[in-house]
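For reference, the structure is listed below as structure tokens.
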Amino acid sequence: MATTTRAANRAAMESEIRRLGREHLRTYGAAGLSLRAVARDLGVVSSAVYRYVPSRDDLLTLLLVEAYSDVADSVEQAVEAVPPDRHRDRLYAATRALRAWAVDDPARWALLYGSPVPGYAAPAEQTVEPGTRVVAMLIDEVARADADGALQCRQQDLTAGLRSDLATIRDEFGVELSDAALVVATTLWSTAIGAVSLEVFGQYGANTFSDPAALFDVAIERALAPLAEAPRD
């Protein structure tokens with residue numbers, strides 16, 4: 001019983017540290033995170049927090065993994081709500097869910113895709129897997145569309161270096177996909193991330209677009225141009 005109680009107490013403390021970390025992220029930004037400030041808001045001495053999170057970098061890593069996982073869960077839920085044969089609709093759902101998550105929580109989007117935090121290097125062994133879940137879903141969906149004959153993309157004259165890079169991505173994600181199809185998936189990914197970041201970081205300029213959601217849909221539609229829509233029953 002004592003072991004169970006200690007585990008529960010530890011889980012509760014770690015959850016509270018992450019919650020305050022998210023609050024401080026929104027208030028001070030990633031570069032302004034401080035374990036001393038978190039401890040102060042918890043009402044405990046700094047050493048008490050260090051037993052759970054040894055350093056600011058560890059806190060950043062926790063928040064990074066949590067954010068990657070949260071956005072991936074949102075995208076996955078949106079995709080799974082669409083019938084599996086409607087590849088275009090599933091990819092629209094994925095990118096719209098990505099945008100919605102970012103607009104709702106721009107501070108955490110900035111942690112994922114904003115400027116690097118000075119002095120911090122994300123540990124690959126903890127962050128690569130959660131950090132690639134969304135792009136893996138997009139690649140898998142494009143691969144399924146390609147297998148179903150729904151992808152109509154022309155072969156492009158690619159440099160040897162780019163072909164090598166695409167081969168590495170193909171191996172990393174374990175998909176059988178032509179270079180042309182993988183370019184479609186990569187273009188969709190870069191379009192979605194770029195468009196969301198331009199909006200969330202205010203890079204379009206104040207009052208330039210009154211309906212950024214509509215602009216986003218237009219950009220995604222262009223990226224999905226090679227993907228034929230499945231006929232409706």
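The basis for the numbers below is simple: all heavy atoms, side chains too, and nothing from hydrogens, waters or symmetry mates.
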V53 vs V38, test: side chain to side chain contact (heavy atoms under 4.5 Å, CB included). Steps then yes/no.
CA-CA 11 Å; V53 183; V38 169; over 6 Å; no
Could you pull out every donor-acceptor pair under 3.5 Å between side chains of residues 11-24 and any protein atom, sequence neighbours left out?
unit_1: E14; atom_1: OE2; unit_2: R10; atom_2: NE; d: 3.1
unit_1: E16; atom_1: OE1; unit_2: R19; atom_2: NE; d: 3.1
unit_1: E16; atom_1: OE2; unit_2: R19; atom_2: NE; d: 3.3
unit_1: E16; atom_1: OE2; unit_2: R19; atom_2: NH2; d: 2.5
unit_1: R18; atom_1: NE; unit_2: E66; atom_2: OE2; d: 3.3
unit_1: R19; atom_1: NH1; unit_2: E23; atom_2: OE2; d: 2.5
unit_1: R22; atom_1: NH1; unit_2: E66; atom_2: OE1; d: 2.9
unit_1: R22; atom_1: NH1; unit_2: E66; atom_2: OE2; d: 2.9
unit_1: H24; atom_1: NE2; unit_2: D41; atom_2: OD2; d: 2.7

Got a sec: does the CZ of R163 have more than 12 other heavy atoms crowding it under 6.0 Å?
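Yes.
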Within a reach of under 6.0 Å around CD of E125, are more than 12 heavy atoms found that belong to other residues, nucleotides or ligands?
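Enclosed.
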Hey, any chance [X] and [Y] share a hydrophobic cluster, counting ILVMFWY side chains that come within less than 4.5 Å of each other, even indirectly?
| X | Y | result |
| --- | --- | --- |
| F173 | V79 | yes |
| F209 | V103 | no |
| Y204 | V196 | no |
| V218 | L91 | no |
| V128 | L60 | no |

For [X] against [Y], the heavy-atom pair lying closest together:
| X | Y | value |
| --- | --- | --- |
| A39 | S46 | CB-CA, 3.8 Å |
| A122 | T127 | CB-OG1, 3.9 Å |
| L111 | A30 | CD1-CB, 3.9 Å |
| V142 | A185 | CG2-CB, 3.9 Å |
| D146 | A181 | OD2-CB, 3.9 Å |
| P130 | S69 | CB-OG, 3.9 Å |

Mind checking whether [X] and [Y] have side chains closer than 4.5 Å, heavy atoms only?
| X | Y | result |
| --- | --- | --- |
| I169 | V175 | no |
| P212 | R99 | yes |
| L59 | V49 | no |
| R108 | D70 | yes |
| E129 | Y68 | no |
| I193 | W109 | yes |
| L182 | R170 | yes |
| R96 | D217 | yes |

Working to the nearest 0.5 angstrom, can you tell me the gap between [X] [atom1] and [Y] [atom2]?
| X | Y | atom1 | atom2 | result |
| --- | --- | --- | --- | --- |
| L25 | Y28 | CG | OH | 12.0 Å |
| T187 | L224 | OG1 | CG | 10.5 Å |
| W189 | T95 | CH2 | OG1 | 11.0 Å |
| E199 | T208 | CD | OG1 | 12.0 Å |
| I139 | E172 | CD1 | CD | 8.0 Å |
| T186 | L177 | OG1 | CG | 9.0 Å |

Taking the side chain from R88 and the backbone from L227, do they hold a donor-acceptor pair closer than 3.5 Å?
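It does hold such a pair.
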Between S164 (side chain only) and A160 (backbone N and O only), is there a donor and an acceptor less than 3.5 Å apart?
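Checked: no pair found.
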Only one of E141, H87, R90 clears side-chain contact (heavy atoms from CB on, under 4.5 Å) with V82; which?
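Result: among E141, H87, R90, R90 is the only option passing the side-chain contact (heavy atoms from CB on, under 4.5 Å) with V82.
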List the steps, then state whether side chain to side chain contact (heavy atoms under 4.5 Å, CB included) holds for L64 with Y120.
CA-CA 12 Å; L64 194 66; Y120 172 73; 4.0 Å; yes
Do S55 and D58 have side-chain atoms, one donor and one acceptor, less than 3.5 Å apart?
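Judged by distance alone, the side chains do pair up.
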Apply side chain to side chain contact (heavy atoms under 4.5 Å, CB included) to the pair L112 and W101, showing each step before the final yes or no.
CA-CA 12 Å; L112 301 184; W101 187 92; 4.1 Å; yes
Step by step, work out the side chain to side chain contact (heavy atoms under 4.5 Å, CB included) result for L33 and L63.
CA-CA 11 Å; L33 282 180; L63 295 175; 3.7 Å; yes
